[in-house]
Amino acid sequence: MKEIKTISAIKEEVKEIKDKGKTIGFVPTMGFLHEGHRSLIKKAKESCEYVVVSIFVNPTQFGPQEDYEIYPRDLDRDLKICEEDGVDLVFTPLVKEMYPKGYNTFLNIEKITDVLCGAKRPGHFRGVATVVAKFLNIVKPNVAFFGEKDYQQLIVIKRMVEDLNMDIDIIGCPIIREDDGLAKSSRNKYLDEEQRKAATILYDTLQKGEKLIRDNIYSIPDIKESLKKHMATKSILEIDYVEILNANTLEPPKSLDEKLVIALAAKIGETRLIDNCIIGG
Ligand code: AMP
């Protein structure tokens, strides 16, 4: 396995691989790898001949009051995991490599970023889309793998790739969870014992929501209200949003028969957690 830090060296490596006619699978991450990331690597290994993982905590997707500085990092451990999982190349650029002096170009994906995390974290998806577009231009993968854990991100990246006519398949991969249902996340590390226990309410709420939707008795506003009340039973948790949207357009659904996403975000102490589930379609 190779670790490369510069864009010029990655481009050379990628050219060699492409010249050999190999397909490239790409998994972008912010590191501190867990089973969720590893499931994407596994998917990439299954369908591509050469797998590239990027590890980069992208400053442009964090707001000024967010956790960029303290985001968990452990590059040595991450490299060991990548090696174990059969990754071919790990791209670990420094911030100044990705955003050199004078950098001035940002991507704005409209409308689908007006809701959910886009509404709550201004500028977040501008940063995500920009860094992912840069990675896709640098790594030139045939296929890129994203987790459904960050569902809006997946929709944004699919939109961007289609709108900018990039010849790359974007594959969404299922959410990997802890035994008690909590979605695996690098940020779970921030939770103390009491917070960790309370965090299971997110998955619990999704399951309740799924049941209420499948029962097909209550209206969407009533279901949302009921889910909010359910989440509020954990008083240490501060709800950011509880939404039920069309899973493709992220617009308000007209009926319960559409493919729907229940999306949740909440803060427990200083830690912001998100989760979602897809129903129907
Ligand atoms: P991150 O390092 O948090 O930016 O995540 C990198 C990629 O891993 C993104 O595509 C995430 O959606 C995905 N991912 C993170 N957590 C999970 C999880 N629990 N299950 C599946 N994919 C995940």
Side-chain angles (χ1 to χ4, degrees), residues 25-48 51-63 66-68 70-75 77-79 81-82 85 87 90-93 95 98 116-118 121 124-136 139 141 143-161 168-191 196 199-200 202-203 206 247 261 263-265 271-278:
F26 177 49
V27 179
T29 82
M30 297 207 298
F32 211 70
L33 303 181
H34 52 67
E35 292 303 321
H37 301 110
R38 296 178 87 164
S39 72
L40 308 189
I41 294 172
K42 189 159 177 267
K43 269 269 164 61
K45 290 278 296 172
E46 280 164 13
S47 56
C48 300
V51 173
V52 181
V53 170
S54 63
I55 297 176
F56 181 64
V57 185
N58 174 37
T60 65
Q61 70 188 65
F62 289 80
E66 294 184 355
D67 57 344
Y68 173 69
I70 58 160
Y71 193 84
R73 293 159 168 91
D74 191 342
L75 185 57
R77 183 176 157 276
D78 288 346
L79 291 173
I81 289 175
C82 287
D85 288 356
V87 171
V90 187
F91 182 33
T92 57
V95 172
M98 293 297 283
L116 307 176
C117 289
R121 301 181 68 188
H124 172 64
F125 287 114
R126 172 181 182 262
V128 168
T130 300
V131 82
V132 172
K134 282 170 70 66
F135 278 138
L136 296 180
V139 176
V143 192
F145 298 83
F146 292 83
E148 287 173 359
K149 158 83 176 18
D150 300 278
Y151 187 75
Q152 189 175 18
Q153 170 173 281
L154 173 63
I155 297 290
V156 166
I157 299 303
K158 281 186 173 168
R159 184 79 263 155
M160 175 187 83
V161 163
I168 301 166
D169 286 335
I170 301 299
I171 305 290
C173 304
I175 301 174
I176 305 297
R177 299 180 177 281
E178 304 286 353
D179 289 342
D180 62 5
L182 179 66
K184 299 230 181 200
S185 163
S186 307
R187 288 190 170 99
N188 293 350
K189 180 188 189 299
Y190 299 143
L191 303 172
R196 172 65 186 79
T200 56
L202 270 79
Y203 184 58
L206 290 176
V261 58
L264 310 176
T271 309
R272 188 172 181 278
L273 299 177
I274 57 171
D275 204 345
N276 72 82
C277 73
I278 307 295

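Whatever order the structure lists them in is the order used to number ligands and atoms, beginning at 1. Throughout, residue positions are numbered sequentially from 1 according to the sequence presented. Computed from heavy atoms alone, side chains included, the values below leave out hydrogens, waters and symmetry copies.
Interface of G147 with ligand 1, defined as ligand atoms under 4.0 Å from a residue heavy atom, comprises 9 (C), 10 (O), 11 (C), 12 (O), 13 (C), 22 (N). Taking a cut-off of under 4.0 Å to the non-hydrogen atoms of P174, the atoms of ligand 1 that pass are 20 (N), 21 (C). Interface of I175 with ligand 1, defined as ligand atoms under 4.0 Å from a residue heavy atom, comprises 20 (N), 21 (C). Interface atoms of ligand 1 facing H34, defined by a heavy-atom separation under 4.0 Å, are 15 (C), 16 (N), 17 (C). The ligand atoms of ligand 1 that sit less than 4.0 angstrom from a heavy atom of F146 are 10 (O). Atoms of ligand 1 found under 4.0 Å from any heavy atom of K184 (numbered from 1 in listed order, with element): 16 (N), 17 (C), 18 (C), 19 (N). Every atom of ligand 1 is numbered from 1 in the order shown, and the set under 4.0 Å from a heavy atom of L40 is 7 (C), 8 (O), 10 (O), 13 (C). Atoms of ligand 1 found under 4.0 Å from any heavy atom of P28, numbered from 1 in the order shown, are 6 (C), 7 (C).
Between C173 and ligand 1, no N or O atom pair is found at a separation short of 3.5 Å. Here's the thing with H37: one of its N/O atoms is less than 3.5 angstrom from an N/O atom of ligand 1. At under 3.5 Å, a nitrogen or oxygen of D150, whether backbone or side chain, sits near a nitrogen or oxygen of ligand 1.
Closest protein heavy atom to atom 23 (C) of ligand 1: K149 CB, 3.9 Å. For atom 4 (O) of ligand 1, the nearest non-hydrogen atom of the protein is M30 CG, 3.5 Å. For atom 20 (N) of ligand 1, the closest non-hydrogen atom on the protein side is I176 N, 2.9 Å.
One N or O on the side chain of D180 and one on the backbone of L182 form a donor-acceptor pair closer than 3.5 Å. With D78 contributing its side chain and F32 its backbone, the two residues share a donor-acceptor pair below 3.5 Å. Using a distance-only test at 3.5 Å, with no hydrogens or angles considered, a donor-acceptor pair links the side chain of K134 to the main chain of M98. With hydrogens and angles disregarded, no donor-acceptor distance shorter than 3.5 Å links the side chain of Y203 to the backbone of D275.
The cationic group of R38 does not satisfy the cation-pi geometry with F145, failing either the under 6.0 Å distance to the six-membered ring centre or the 45° limit from the ring axis.
The two atoms that bring V51 and V87 nearest to each other are O-CG1, 3.5 Å, heavy atoms only. When all heavy atoms of I278 and Y151 are compared, the closest pair comes out as CD1-CE1, 3.3 Å. Heavy atoms only, all atoms of each residue included: L136 and P141 are closest at O-CD, 3.6 Å.
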Tell me, with the steps shown, if C117 and Q153 meet side-chain contact (heavy atoms from CB on, under 4.5 Å). CA-CA 9 Å; C117 289; Q153 170 173 281; over 6 Å; no
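When heavy-atom distances to ligand 1 are checked against a 4.0 Å cut-off, S185 has no atom that comes that close, whether in backbone or side chain. The proximity of Q153 to ligand 1, defined as any non-hydrogen pair under 4.0 Å, is limited to the side chain.
Considering only heavy atoms from C-beta on, K42 stays 4.5 Å or farther from C173 through its side chain.
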